[in-house]
Protein chains: 2
Amino acid sequence: MTIEYDRIVRTSLSRQVAESIRAAILDGRLGVDQRLPDEIELARRFKVSRPTVREALKRLAAQNLIRSQRGPSGGTFVDLPSLESVSRTIEGATTLLIGMGAFSVEEIVLSRMETETLACRLAAANRTQRDLDAMEAEIAVEREATLSDEGFCASDVRFHRAVVDATANGPLKLMMYTVIESFIPITNMIIVEDRERRRAAESHARITQAIAARDGEGAAALMRRHLEGMRGILEQALAQRAARFASTTEDALTASGAGASTPRLLDGLG
Amino acid sequence: MTIEYDRIVRTSLSRQVAESIRAAILDGRLGVDQRLPDEIELARRFKVSRPTVREALKRLAAQNLIRSQRGPSGGTFVDLPSLESVSRTIEGATTLLIGMGAFSVEEIVLSRMETETLACRLAAANRTQRDLDAMEAEIAVEREATLSDEGFCASDVRFHRAVVDATANGPLKLMMYTVIESFIPITNMIIVEDRERRRAAESHARITQAIAARDGEGAAALMRRHLEGMRGILEQALAQRAARFASTTEDALTASGAGASTPRLLDGLG
DNA sequence: CCATGGAAAAGGTATGACAAATATAAGTTT
DNA sequence: AAACTTATATTTGTCATACCTTTTCCATGG
């Protein structure tokens, strides 16, 4: 005969507390901008110590679920996230997967092609003058000869975001930021030749024209061609990054001895 | 004359430590499954106290970037996330946005229509027998008359996921899990009538047939019609959820007095 | 050879104190 | 009286230290 033992709690207290508060937020028992009890009170309610409560709060803060402020009338507040903060969270998570080589170049290029051509079609239907202005501003930036590589890539990302923004579809924007943003760290490492740059800028210009003319199919076709041209560049970038991950050194956190000069932190890893 | 003061650090130490370690992981200076120094050593390296280090580690743990284990040969390890864990993170973030009513029903329906028809086309091209089996398994579940509402909705989600899986495109899967998964909490609240259920199951069956026959366009058209039918249900669900959020009570964290019976926690919110 | 038990190592929790920020109230000066 | 300054209280942020719990591994004894 087997005895029913007490179910032993195997998750840490801070995790349980975090889950508990998180559930309260998700269920709507805690509304936006509502103030939580202060940490000492939370500790009393949950019957744990303050450090434990704080660890729980940090977990939630990492998910942008809460924000804290010192002082009286300060405290911890429910901080329901904007599209931007969620987008950043997603970007961080995706960047890892891509950086690890979880996806092949073919997959990445295909997914971008399919989704961005879709975005082109919707953008052509819904774009406003503001959207067109945003796109053209980026094209102007990209035509600057003095622009750094990072600057060019950042502008490229902003252009593609602008196209997605023009669809005027929130969920779609959210989804596509995932794919677009997560290429920043990769493409940043690539030296974009001057010739390539000009070609990209001209592609962007043509796409913008088509969207301005409400020609969704035309814009989609141009976008497809544009991304096709990026395939080679991406292949190069991913290969470089993979190589770097392969040669991971042993002791990456060696403290850089100096220390005294820097105000406080910012060192700690070699 | 204005003096250049030392740049005051405005972010908390635990945040800085977390960022520092996070950067090391993202840069590849810390490889997967690599062990970090123990907490006391980290505290020494960063010149902060152990609780501060622990708060930083909890931040990272919340992002599934690290995992911890007790005992000797335990410690903190880099835990680069799988597609599933990233997907879960994204789901949590998006669920909030949707729950808050950040998106309109039109936006949601349109985004699902556009992306899922896209998935149908790719699925028809790339599906394997396994994918078809997965879809048909869900259809079989949905035809069970005794299934609970939650069970039906969960199966619905799994079916749509199966379609996306059949595209064999990682980035696309990641993007679409975002949208599909985040509707679970909403659709779960809706009582699906028996008639509706049967209609959905039959839609799923026809879509599966078209994908099996490599008929991408046909599958896409069927999917579009299927989602069109869901528009009304979604409208109802979102209205209900919005109402619940509006009537947020004041004191949602009131401790349930009992306490002695529960092993340790699990209470704390009424 | 296997099982049992006990150290040791590492994360988990608790306590208590102090530091820093900041809103509010009180007091002082103009 | 108004405006500025100062005190003060509140709340998060940080620190130091101790102890508990889990897990590994080795030594010891059967």
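Quick caveat, the model's predicted, so the values are computed rather than measured. Convention: sequence-line order gives letters A, B, ...; per-chain numbering from 1.
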Reckon A:R15 touches a base, only the sugar-phosphate, or nothing at all at heavy-atom distances under 4.0 Å? nothing

Side chains of A:L172 and B:T115: closer than 4.5 Å at any heavy-atom pair? yes

Holding to salt bridge (charged side-chain N to carboxylate O under 4.0 Å, His left out), I want the full list of residues that pass it with B:E41, two or more places apart in sequence or in another chain. B:R44, B:R45

Whole Å only: how far is the NZ atom of B:K47 from the C1' atom of D:dA16? 17 Å

Atom CZ of B:R44 and atom C1' of C:dA10 are separated, to the nearest Å, by 14 Å

Counting heavy atoms from C-beta on, name the nucleotide in C:dT15, D:dC15, C:dG12 closest to the side chain of A:S12. C:dG12

Under a 4.0 Å heavy-atom cutoff, the residues of residues 53-66 of chain B touching DNA chain D are none

If I take atom CD in residue A:E39 and atom C1' in nucleotide D:dT14, what distance separates them, rounded to the nearest angstrom? 11 Å

Rounded distance in Å - CD1 (A:I40) to C1' (C:dA14): 12 Å

For the side chain of B:E107 and the backbone of A:G170, is there at least one donor-acceptor N/O pair under 3.5 Å apart? yes

Contacts of B:D79 that satisfy salt bridge (charged side-chain N to carboxylate O under 4.0 Å, His left out) - sequence neighbours left out: B:R67

Could you state the atom-to-atom distance from CZ of B:R50 to C1' of D:dT17 in whole Å? 10 Å

Could you list the residues that satisfy salt bridge (charged side-chain N to carboxylate O under 4.0 Å, His left out) with B:E39, not counting sequence neighbours? B:R50, B:R54

Considering only heavy atoms from C-beta outward, does the side chain of A:V105 approach that of A:I108 to under 4.5 Å? no

A:F46 atom CZ is separated from C:dT13 atom P, nearest whole Å, by 14 Å

Pairwise N/O distances under 3.5 Å, protein to nucleotides 22-25 of chain C:
residue: C:dA23; atom: O4'; partner: A:P72; partner atom: O; Å: 3.4

Mind checking if B:R67 touches a base, just sugar-phosphate, or nothing, with heavy atoms under 4.0 Å? nothing

For B:D38 and D:dT24, what is the distance between atoms CG and P respectively, to the nearest whole Å? 17 Å

Taking only the side-chain nitrogens and oxygens of A:T52, find out if one of them lies under 4.0 Å from OP1 or OP2 of C:dA14. yes

Just the rounded figure in Å: distance from P of D:dT11 to CZ of A:F77. 10 Å

B:H160, B:M176, B:K173 screened by side chain to side chain contact (heavy atoms under 4.5 Å, CB included) with B:D165, the one that passes: B:K173

Is there side-chain contact between B:I21 and B:F46, with at least one heavy-atom pair below 4.5 Å? yes

Going by the rule side-chain contact (heavy atoms from CB on, under 4.5 Å), which residues pair with B:E19 if we only count those two or more places apart in sequence or in a different chain? B:R22

